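Inspection log for the structure reproduced underneath, given as C-alpha cells.
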2 protein chains.
Amino acid sequence: MPREHKDPDEKIRERNIRLIIKAGIEIFSRKGYDGTRIAEIAEASGLPKANVYYYFSSKEQIYTAIIEHLLEGWDNALKYITADREPAEAFRLYIRAKLDYTRKNVAESRLFASEIIQGARFLKKKDRQHVRDVTDRHVAVVEAWIAEGKILPVDPRHLFIMLWASTQFYADFEPIAADGLKKPRLKVEDYEMAAKTIAETVLRGVLPQG
Amino acid sequence: MPREHKDPDEKIRERNIRLIIKAGIEIFSRKGYDGTRIAEIAEASGLPKANVYYYFSSKEQIYTAIIEHLLEGWDNALKYITADREPAEAFRLYIRAKLDYTRKNVAESRLFASEIIQGARFLKKKDRQHVRDVTDRHVAVVEAWIAEGKILPVDPRHLFIMLWASTQFYADFEPIAADGLKKPRLKVEDYEMAAKTIAETVLRGVLPQG
DNA sequence: ACAAAACCTGACCAAAGTGTCAACTTACTA
DNA sequence: TAGTAAGTTGACACTTTGGTCAGGTTTTGT
C-alpha cells in the first residue's frame with residue numbers, strides 16, 4: 001500500500017510521472033478533457049492503467065498537473081516588454097519569442113486553448129491572477145512608452161490581446177492557418193514570416209513616424 | 001417506422017430540428033464533441049432523447065449539421081474586402097462586421113474553434129475548400145491594392161490570419177480577454193474598443209502615409 | 001539478510017453513455 | 001372519417017470508461 005513518502009532520490013517515480021504528463025499533454029490537447037480516456041494515456045505512456053492511478057488519483061489531477069506545468073513555460077516568452085527597452089525592439093523580441101515557444105510547444109498551446117474555450121473549468125484562481133498580474137506589468141510599460149511619446153496612443157490591453165491572439169493562432173488553429181497559407185503543414189519559415197508580418201504591421205502602426 | 005419523406009409543409013419537423021440544433025450549438029460549444037451527451041441536448045431542447053434520435057441518427061450527424069449551419073453565417077461578415085473599396089474603409093468594415101458577428105454568435109464561434117483545435121475531425125473537405133476560396137479572393141484584392149500602391153507591401157495571407165485571430169479571440173477566449181481587460185465580462189463597448197484598436201493598429205501599419 | 005516501503009498489475013465494478021425498439025399518439029389527406 | 005404517415009416515448013440492450021483492489025514483485029535502508 002502506498003503511503004506518504006518523502007524520498008531522497010526518486011528515480012522511478014520521476015520518470016513515470018514525466019511519461020504520464022508527456023502522454024497526457026499529447027492526448028488531452030488532441031481530444032480535450034472529456035474526450036481523453038485514461039486508458040489511452042496509459043497506453044501512450046507505456047504503463048498499465050492501474051499504474052497511472054498509482055501516481056494520480058484521478059483524471060482531473062493529471063489534467064491540472066499539466067496545466068500547472070505549462071503555465072510555467074509561458075513566462076519566459078513574455079519577459080521582453082521592459083521599460084528600458086526601445087518599443088520596436090521589445091515588440092519584435094516578444095513576438096518572435098512567443099511564436100517560437102508556441103511552435104515548439106504546439107500541444108501545450110492547444111491544451112490551454114481547449115481549456116479556455118470550454119470556460120476555464122480547471123484553471124485555478126491563482127493561475128488566472130498570475131496571468132492578470134503579468135498583463136498589468138506589460139500594460140504599465142506600454143503606458144509609460146505612450147507617456148514618453150515613444151509610441152502612439154493606443155489601448156495597451158487590446159494591443160496585447162491582438163499580439164496574443166495573432167501568435168497563438170498558428171499553433172491552436174494550425175489546420176486553418178495552413179489552409180490560409182496554402183500549405184499542407186506549417187514549417188519554421190512560415191512562423192518566421194508570421195513574426196515578420198505581425199511585427200511590421202503592429203510597429204508601423206505603433207511608432208510615431210510611421 | 002420512419003421512411004423517406006419529401007414533405008410539402010413540415011412544421012413539426014422544422015421546429016424540432018431547429019430546437020435540437022440550437023441546444024446542440026450551446027452544449028457542443030461549452031463541452032466539445034466528446035464532452036457532450038445526447039441526453040443533455042435532449043433535455044435542453046425539451047425533447048426526450050429517443051425523439052432526438054428520431055430526427056438524427058447519431059451524435060455525429062447532429063454535430064456536422066451544426067458545423068454546416070454555422071459556416072453559412074460566416075460569409076456575410078467577409079464580403080467587405082472588394083477591390084473597388086478604399087483599403088482603409090474596407091478593413092474597418094471587415095473588422096467591425098467580423099467582431100459583430102462573433103459577439104452575436106459566441107457559441108458558434110467557440111464550437112468552430114473547438115472543432116479546429118481538435119484537428120478539424122468533422123470539417124468536410126468541401127467546407128475547407130470554401131474557406132480557402134474565400135481567402136484566395138481576399139488575398140487577390142489585397143495584392144491588387146499593393147500593386148496600385150494603396151497599401152504597403154505585406155504578406156496578405158499572414159495579414160488575414162492576424163485579422164481573423166484578433167477578431168475571433170474575444171469570443172473564443174472570453175475568459176482570458178476579460179481578464180486582460182480587467183473586466184468580469186465583455187460588453188458591447190469592449191467589442192467596439194477592440195474594433196477601434198485593431199483597425200487603428202493595422203491601418204497605420206498598412207497605409208503608405210502612416 | 002530481512003523488513004518495510006515503494007512499485008506494479010490483472011481483474012473487477014458501478015456509473016454513464018450511445019443507440020434501439022415496439023407500441024402508442026397525433027397529424028394529415030382523400 | 002378512415003387510413004396512413006409522421007411523430008412520440010419509456011424501457012432496454014450493449015459498450016465504454018473512471019476508478020478500485022487484493023495480492024504480487026522490486027527496491028531500499030540497516
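Please read these numbers as outputs of a predicted model, since none were measured by experiment. Residue numbers begin at 1 in each chain, while the letters A, B, ... track the order of the sequences.
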Which whole-number value in Å describes the distance from A/Tyr33 OH to D/dT17 P?
-> 14 Å
In plain terms, say whether B/Lys126 and B/Glu68 are close enough for a salt bridge, that is, a side-chain N and a carboxylate O under 4.0 Å apart.
-> yes
Is the phosphate of C/dC7, meaning OP1 or OP2, less than 4.0 Å from a side-chain N or O of A/Arg13?
-> yes
Check whether any side-chain nitrogen or oxygen of A/Tyr55 sits under 4.0 Å from OP1 or OP2 of C/dA6, and answer yes or no.
-> no
Taking atom P of D/dA5 as reference, at what distance in whole Å does atom CD1 of B/Ile12 sit?
-> 16 Å
Under-4.0 Å side-chain N/O to phosphate OP1/OP2 contact, B/Asn51 with D/dG7 | no
A/Glu43: partners by salt bridge (charged side-chain N to carboxylate O under 4.0 Å, His left out), with sequence neighbours left out | none
Selected nucleotide, minimal atom distance to A/Pro48 side chain, candidates C/dT9, D/dG10, D/dG7 = C/dT9
Round to a whole Å and report the spacing from CG of B/Leu19 to C1' of D/dT8.
-> 15 Å
Distance-only criterion, 3.5 Å: show the donor-acceptor pairs between side-chain atoms of residues 189-199 of chain B and protein atoms not counting sequence neighbours.
| unit_1 | atom_1 | unit_2 | atom_2 | d |
| --- | --- | --- | --- | --- |
| B/Asp190 | OD1 | B/Lys183 | NZ | 2.9 |
| B/Asp190 | OD2 | B/Lys187 | N | 2.8 |
| B/Thr197 | OG1 | B/Met193 | O | 2.9 |

Name all residues meeting the side-chain contact (heavy atoms from CB on, under 4.5 Å) criterion together with A/His69; count only those two or more places apart in sequence or in a different chain, and write none if there are none.
-> A/Ile25
Applying ring-ring contact (aromatic ring centres under 6.0 Å, His included) to B/Tyr63 and not counting sequence neighbours gives B/Phe28, B/Tyr33, B/Phe122
Could you tell me whether the phosphate oxygens of C/dC7, OP1 or OP2, come under 4.0 Å of any side-chain nitrogen or oxygen in A/Tyr54?
-> yes
Return the value, rounded to whole Å, for the distance between atom NZ of A/Lys11 and atom P of C/dC7.
-> 13 Å
Scan nucleotides 13-20 of chain C nucleotide by nucleotide, 5' to 3', and note B when protein non-hydrogen atoms come under 4.0 Å of the base, S if they reach only the sugar-phosphate, - if neither.
-> ----SBBB
Whole-Å distance between C/dA27 P and B/Glu14 CD?
-> 16 Å
Mind calculating the distance between CD1 (B/Ile20) and P (D/dT9) to the nearest angstrom?
-> 12 Å
Atom pair distance, as rounded to whole Å: NZ in A/Lys31 and C1' in D/dT16 = 13 Å
List in chain and number order the residues that pass side-chain hydrogen bond (donor to acceptor under 3.5 Å, both in side chains) with B/Lys125, two or more places apart in sequence or in another chain; answer none if no residue qualifies.
-> none
Mind checking whether A/Trp145 and A/Phe91 have ring centres under 6.0 Å apart?
-> yes
Answer with base, sugar-phosphate or nothing: what part of the nucleic acid does A/Phe56 contact at a heavy-atom distance below 4.0 Å?
-> nothing
Tell me whether the OP1 or OP2 atom of C/dA6 has a side-chain N or O from A/Asn16 closer than 4.0 Å.
-> no
